[in-house]
Amino acid sequence: MPAVPPVESPLRRFLSDFSASWLALLATLMLAVIILIALFAPWISPQDPYDLAVVSIFDARLPPGSTSMDGTTFWLGTDGAGRDLLSAIFYGLRISLSVGVMSGIIAIIVGMSVGLAAAYAGGRTETLIMRVVDLQLSLPAVLIALILLAILGKGVDKIIIALVIAQWAYYARTVRASALVERRREYVEAAACLGLGHARIVFRHILPNCVAPLIVVGTVQTAHAIALEATLSFLGVGLPLTEPSLGLLISNGFEYMLSGKYWIAVFPGVALLLTIVSINIVGDQLRDVLNPRLQK
């Protein structure tokens with residue numbers, strides 16, 4: 001009697017498909033390192049770049065590999081205020097990632113709720129909601145964020161609000177498209193015939209089948225949120241000087257580019273680039289794995 005092959009679990013199949021791309025594995029490893037650096041920045045940074053007791057203006061604009069008067073080595077140099085650039089990048093990663101992730105989570109909740117309501121209600125309610133979504137998507141996200149920050153002012157909470165308002169429509173459209181397909185399935189009709197409540201049908205039956213596209217869009221939009229926050233901080237309307245992100249570090253070093261002190265802006269820019277690229281590569285691989293139609 002021939003041996004029956006073991007049944008492959010969904011998790012094992014997902015990991016197998018995801019690890020088929022060495023580029024995705026490399027991006028995942030890089031993203032994991034970046035996240036760990038951001039989480040443990042206060043403990044692994046050579047210097048607290050915002051402690052005035054340890055930052056000296058006499059160490060300002062030192063090139064990479066320089067040594068301060070007290071013997072501290074600045075591996076990536078210092079910025080215009082004398083802060084260790086490596087430590088400043090670690091702290092900047094912490095703020096950029098936290099802003100991107102927090103705004104993404106809130107935008108997912110808002111967009112998911114709106115998209116599910118539009119798909120399940122249908123009729124005029126769906127038409128009204130989707131016209132608002134279309135209006136939102138017709139405007140550039142950076143323009144919406146600029147207008148909101150001009151009204152609200154600077155601050156981490158303000159920029160999270162601006163990013164949520166600028167991004168929720170992407171999630172709403174994604175969830176609505178998936179929910180419309182699931183709404184026509186037989187199991188939804190069966191649940192309705194059994195007299196189950198609308199909330200149970202939406203959250204216990206339709207929503208779990210919309211999670212896969214949400215994961216993909218959420219990953220890509222997190223990278224977009226980090227880039228948007230960096231753009232706003234570079235323009236001087238994002239985070240305050242007391243809570244600088246990578247975008248603000250790049251902005252602070254931009255004025256020194258023409259004087260040859262490239263490292264003040266280039267190294268934070270490289271850190272921002274690696275973060276966004278790694279998130280985008282992971283998101284692309286998740287899209288290919290979670291969507292069977294795209295699998296080769």
Side-chain angles (χ1 to χ4, degrees), residues 4-41 44 89-90 92-109 111-112 115 137 141 163 167-179 181-182 207-231 245-247 250 266-296:
V4 179
V7 179
E8 189 177 24
S9 64
L11 178 59
R12 185 183 297 273
R13 188 183 309 114
F14 169 80
L15 294 176
S16 176
D17 294 339
F18 187 86
S19 60
S21 171
W22 65 268
L23 184 61
L25 288 178
L26 181 62
T28 304
L29 177 61
M30 183 184 302
L31 182 59
V33 171
I34 291 173
I35 293 174
L36 289 176
I37 289 175
L39 290 175
F40 298 101
I44 64 176
I89 290 174
F90 287 174
L93 279 172
R94 185 184 182 90
I95 296 176
S96 294
L97 285 176
S98 61
V99 168
V101 172
M102 285 299 299
S103 63
I105 292 174
I106 299 174
I108 284 178
I109 296 174
M112 178 184 66
L137 295 177
L163 292 176
Q167 292 188 104
W168 70 269
Y170 295 97
Y171 299 103
R173 171 166 285 186
T174 301
V175 172
R176 180 248 182 184
S178 300
V181 175
E182 299 301 326
L207 179 58
N209 293 284
C210 301
V211 170
L214 260 183
I215 294 175
V216 176
V217 175
T219 305
V220 176
Q221 284 301 121
T222 298
H224 181 256
I226 294 174
L228 183 57
E229 181 275 321
T231 302
S245 64
L246 293 177
I250 298 172
V266 168
F267 290 143
V270 171
L272 179 64
L273 177 65
L274 292 176
T275 303
I276 295 175
V277 168
S278 60
I279 294 176
N280 280 328
I281 292 175
V282 172
D284 288 342
Q285 185 67 5
L286 286 175
R287 179 199 61 188
D288 295 340
V289 172
L290 296 177
N291 190 349
R293 297 176 183 176
L294 298 177
Q295 293 182 6
K296 299 179 178 62

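When a residue number appears, it is its place in the shown sequence, counting from 1. Being a predicted model, the structure only gives us computed values, none of them experimental.
Taking 4.5 Å as the limit, every side-chain heavy atom of Val220 sits out of range of all side-chain heavy atoms of Tyr170. When side chains are defined from C-beta on, Tyr171 does not count as touching Ile109, because their heavy atoms never get closer than 4.5 Å.
For the side-chain contact (heavy atoms from CB on, under 4.5 Å) with Val175, the qualifying choice from Ile108, Leu214, Val211 is Leu214, the only one to do so.
To the nearest 0.5 Å, atom CG of residue Asp288 and atom CZ of residue Phe18 are 10.0 Å apart. For the atom pair Thr28 OG1 and Met30 CE, the distance stands at 10.0 Å (nearest 0.5 Å). Of the inter-residue distances, the one linking Leu26 atom CG with Ile281 atom CD1 reads 7.5 Å to the nearest 0.5 angstrom. In this structure, CG in Leu246 is found 8.0 Å from CD in Glu229, a value given to the nearest 0.5 Å. The line from CG of Leu286 to CD1 of Ile279 is 11.5 Å long, rounded to the nearest 0.5 Å.
Not a single salt bridge (Lys or Arg N to Asp or Glu O under 4.0 Å) links Arg94 to another residue, sequence neighbours left out. When the side-chain contact (heavy atoms from CB on, under 4.5 Å) test is applied to Ala172, the partners found at least two apart in sequence or on another chain are Val114, Val133, Trp168.
Between Ala271 and Ile89, the shortest heavy-atom distance links the atoms CB-CG2, 3.7 Å. Across all their heavy atoms, Ile34 and Leu93 have their closest contact at CG2-CD2, 3.9 Å. Across Ser178 and Cys210, no two heavy atoms sit closer than the pair CB-SG, 3.7 Å. Nearest heavy-atom pair across Gly283 and Val216 is O-CG1, 3.9 Å. The heavy-atom pair separating Ile226 from Thr275 by the smallest distance is CD1-CG2, 4.2 Å. Between Leu97 and Ala38 the shortest heavy-atom distance is CD1-CB, 3.6 Å.
Of the possible donor and acceptor atoms, one in the side chain of Ser98 sits under 3.5 Å from a partner among the backbone N and O of Ile95.
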* To do: With side chain to side chain contact (heavy atoms under 4.5 Å, CB included) as the test, would you mind laying out the steps for Leu25 and Leu29 before giving the verdict?
  => CA-CA 6 Å; Leu25 288 178; Leu29 177 61; over 6 Å; no
